[in-house]
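We name chains A, B, ... by the order of the sequence lines, and we start the count at 1 in each one. Model, not experiment: these values are computed from the prediction. These numbers come from the heavy atoms of this one structure, side chains and all, not from hydrogens, waters or symmetry mates.
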Amino acid sequence: MDSKPQPTLMVIDGHSLAFRAFYALPLESFVTPEGQHTNAIHGFLSMLLSLLKNEKPTHLAVAFDVSRYSFRTREYPEYKGTRGETPPEFVGQVPLLQKALDAMGIHTIQKEDYEADDILATLAAQGEESGFKVLLVSGDRDTLQLVTPEVTVLYPSSRGVSELKRYTPDAVVERYGIPPASYPDIAALVGETSDNLIGIDKVGEKTAVKWITQYGSLDELLAHADDIPGVVGGNLREQKDRALRNRKLNTLVKDVELPVTPSDLERRNINTEAVKGIFGQLRFRTLTERVLALAGDTSVVTADVPPPSDTPAPQALLDEELARWLEKHTDPLAIVVREVPHGLLCGLSDGTEVIAVHHTHGSKDALPLQHALREPHRQWWWLHAKQDLHHLAEAGWDAPETIDGDLRVASWMMMPGRKIPTLAQLVEEKLGESTAPADPNTLLDTGDEGVVDSWWLHRVYPVVRDSLAASQKTVYEDVELPLIPILWKMERLGIASNRAALEELNSRLLGEAAEYQRLAFEAIGHEVNLGSPKQLQGVLFDELNMPKTRQTKTGYSTDQQALAELQESNPHPFLDALLGHRDQTKLHQIVEGLATAVGEDGRLHTTFDQTGTSTGRLSSLEPNLQNIPARTEIGHEIRATFVHGVESEGLLTADYSQIEMRIMAHFSGDEALIEAFRRGEDLHNYVGAQVFQVEPDDVTPQMRTKVKAMSYGLAYGLSAYGLAKQLQISPSEAKTLMSDYFQRFGKVRDYLRDVVETARTAGYTETLFGRQRPFPELNSSNRMAREAAERAALNAPMQGTAADIIKRAMITIDQKLRDQSMSSAMVLQVHDELIFDVAPGERAALEALVTSEMENAAELAVPLEVNLGFGPNWDQAAH
DNA sequence: CATTTTACGTA
DNA sequence: CGTACGTAAAATGG
């Protein structure tokens, strides 16, 4: 006889999920004529139906709290004390929800003196014991402690209740860095605001995880509390009772006496009549339909809600069938790619049909698609090509070498700076149709539906592409699309990191920060959170009675500049220590971030966001490798941890010298500035000589500093006021400096004025290559907003042209590297700088290639100058 | 619990 | 009252 498939027990924390639904759905949209609110019930039930559909539990129960009082509130009366009154609109919905569940044949369980989570814990333990696969659904993080290989927790993610995060043991480790069983220890140390459990002062998630990882458990940690250095160590020793109390309260009870066992919870039949009764009372139509469909009863089908647009039904194809379909459809095809548990799910569409391709890792059944993606004459349109390339590569597919269309990038170019619209929004905006209706019934849909997006993509992409202005389309096709596979390769390869050096730096910075903190506390005789502007305000302005600084929205500024000014007028050791602490913690954060981001390959893989800026630049995230400290001592040490790869001989850096000013010279056509660049001498020295009317040799360092600040500031819309402030000179002197400057470089002033006026008329700015940025705010009646837009409009063509230029260089460099079969690789871009991992023997050739391609990436009235540097690490490769 | 504010690193 | 970004922690608001 066959063995039965493993039964699945699902236990839901009714209160917490209904409460989430209550806040996720608008109260006023769910109310019966009798005035009964139903949003929590509706949200909960639609989520439940999705869960039943997707998870197919064989056994099911919903647990509720009896009241807000339990053995925990007796133990610690303040437990959950921060929670305000439960909204009455919610309270009234709970009994009705229970009634509805009852009609649906679903067990509800509650137990005096215990919370719903204790019931989950108990049933999970019993279920696992009896051989069930257990799914716990709860909005309370404490349930994470229950996760085991057989027990999975589904937790509503940040995006409301529409998506549940699946916490397996691995997922818990990935999110928290500790195994599920250790979660209560972490929570005990950190505290839980929503439960009114205060943790150890100054201990956050990071510290707690570090400790528990080191000592194994809270008990072990407390046993060795004397070994913990610093203020946090002291806090731990003083406040260990809190941690122990928290630990006691957040430990879920696994042996609540319940009237049922897991096997009693087998799914029961739906009482159709009862459902019709209660659901009718609640005025649920689509839900009634869905519930009755579960029971196989179609007697009450209401066609009340219009169906979504007529989307084609996906056909699942593989092997020969897939090959045949692809052969017949050679026009541009749209593709969407999803990662699914053991492979990929791709949706293909020609605008008429939708094909679903389910690929399992290691199988060959999707080979026709893999092949078709690389056919040179076939065009593919993507939703987000770079991300999809990563997915394909992870599945072991050879990625296509070119990208023919990318909806994300195209829609960014349409409106850079605006949030990237979703596919549904674009469909609505460009096609005037709606994808799936915003029906709460579709909460938690994780099935095949996504593949239909390929059909929408195929229909909406050409509309978006063709709505780009002609010049924009050129930039899109010549620059942005070719860049996609290049960025993908850079992200995939990453840059090598000296992890040991990073760790060493990390602990050093941590120690120094702690020392500054100690000094700061000593200076004022008590402890304070140095990271809290509000608490600092208390110390500085109330305790120490320092003069008030610049006002901010919430009080007075405690930023670096404000503190430095205070230090001038009211020197105090606290200020010294605070500034030192700021520096060290900031650096520590950066180093810590890098250390944790180093991959198993010993390299750092950033993600370049091609659609992250309004000007055309790239941005870099997770980790951001475009804001690594550069100027300070420690900055050099940090940059020195970026090293060449094991198979390379060094790092090459190549950066444009004063590229934005050169672009300004080009755009303005100012003969004097153009001459300055053509001479190739020290620019600021030359400009200084012009402005101050002295011989170049007689330009003093002070003069040079002034014109340098002026020159750089020009491209940002600097005012005389701002210049005065920056140079610490009088406003009148700044004004004179500016007018002297423009006396010599008059066309620069004309250009800067002109660029704003042109933008005001046209409604947008444009770069040398045709990239546009809209500026509706230039005609705003709000002066602040208008002037801010004016400065941005002034800067956009210059910053944007610089971005175009380096992107063009990246494309030709990549092309040449491939043409010449070189092994060196581009690994980073930092706005005006490119960094390469240099393969042995290729240094000279690479330097020549990079210089030439960067210098010739644009034809300006002035030469583009490139500086090179080479070395074993980023610091030494900088010049 | 999610969003905003403050602060600070880069080009 | 100089542009363009991203991240972290604290503060704030639902």
For [X] and [N], is the shortest distance between a side-chain N/O and OP1 or OP2 below 4.0 Å?
| X | N | result |
| --- | --- | --- |
| A:Arg791 | C:dG2 | no |
| A:Thr615 | C:dT3 | no |
| A:Tyr712 | C:dA4 | no |
| A:Ser619 | C:dG6 | yes |
| A:Ser532 | C:dA11 | yes |
| A:Ser614 | C:dC5 | yes |

[X] [atom1] to [N] [atom2]: how many Å, rounded?
| X | N | atom1 | atom2 | answer |
| --- | --- | --- | --- | --- |
| A:Leu778 | C:dT3 | CG | P | 13 Å |
| A:Gln829 | C:dA4 | CD | P | 17 Å |
| A:Met784 | C:dG2 | CE | P | 11 Å |
| A:Asn529 | C:dA9 | CG | C1' | 8 Å |
| A:Leu618 | C:dA4 | CG | P | 16 Å |
| A:Met661 | C:dT3 | CE | P | 18 Å |
| A:Glu622 | C:dC5 | CD | P | 18 Å |
| A:Met664 | C:dG2 | CE | P | 16 Å |

Worksheet entry | Point-to-point distance, once rounded to the nearest 0.5 Å, from CG of A:Leu502 to CD1 of A:Ile638 | 8.0 Å
Test side-chain hydrogen bond (donor to acceptor under 3.5 Å, both in side chains) applied to [X] - qualifying residues, sequence neighbours left out:
| X | value |
| --- | --- |
| A:Tyr556 | none |
| A:Gln610 | A:Glu480 |
| A:Glu833 | A:Trp874 |
| A:Glu855 | none |

Worksheet entry | Selection from C:dG2, C:dT3, C:dA9 that lies nearest to any side-chain heavy atom of A:Gln589 | C:dA9
Worksheet item: Of A:Tyr721 and A:Arg773, whose closest DNA chain C nucleotide lies nearer the 5' terminus?
Response: A:Tyr721
Item to complete: Kindly state each residue pair satisfying side chain to side chain donor-acceptor pair (under 3.5 Å) with at least one member in residues 790-801 of chain A, sequence neighbours excluded.
Response: A:Thr615-A:Gln799, A:Arg617-A:Gln799, A:Arg760-A:Glu790, A:Asn795-A:Gln799
So, using side-chain contact (heavy atoms from CB on, under 4.5 Å) as the criterion, who are the partners of [X] when residues are at least two apart?
| X | value |
| --- | --- |
| A:Ala564 | none |
| A:Arg408 | A:His384, A:Asp406, A:Ile420, A:Thr611 |
| A:Tyr712 | A:Gln658, A:His684, A:Lys708 |

Worksheet item: Within a strict 4.5 Å, meaning less than it, do heavy atoms of the A:Lys586 and A:Arg582 side chains meet?
Response: no
Fill in: Consecutive Watson-Crick or G-U pairs in runs of at least 3, all under 3.5 Å, in which DNA chain C is involved
B:1-11 with C:3-13
Worksheet item: For A:Tyr764, what residues pass the ring pair (Phe, Tyr, Trp, His ring centres under 6.0 Å) criterion, not counting sequence neighbours?
Response: none
Quick test: give all pairs of protein nitrogen or oxygen and nucleotides 12-14 of chain C nitrogen or oxygen below 3.5 Å, distance rounded to 0.1 Å.
unit_1	atom_1	unit_2	atom_2	d
C:dT12	OP2	A:Lys534	NZ	3.3

Item to complete: Determine, for A:Arg662 against A:Glu865, whether the closest basic-nitrogen to carboxylate-oxygen distance falls under 4.0 angstrom.
Response: yes
Produce the list of close N/O pairs, under 3.5 Å, pairing protein atoms with atoms of nucleotides 7-11 of chain B; give distances to one decimal.
unit_1	atom_1	unit_2	atom_2	d
B:dA7	OP1	A:Thr558	N	2.9
B:dA7	OP1	A:Thr558	OG1	2.8
B:dA7	OP1	A:Asp559	N	3.4
B:dC8	OP1	A:Arg582	NH1	3.0
B:dC8	OP2	A:Gln560	N	3.1
B:dC8	O2	A:Lys586	NZ	3.2
B:dG9	N2	A:Asn627	ND2	3.4
B:dG9	N3	A:Asn627	ND2	3.1
B:dT10	OP1	A:Ala630	N	2.8
B:dA11	OP2	A:Arg631	NH1	3.3
B:dA11	O3'	A:Val830	O	3.4
B:dA11	O3'	A:Asp832	N	3.3
B:dA11	O3'	A:Asp832	OD1	2.8
B:dA11	O3'	A:Asp832	OD2	3.3
B:dA11	N3	A:Arg617	NH1	3.2
B:dA11	N3	A:Arg617	NH2	3.3

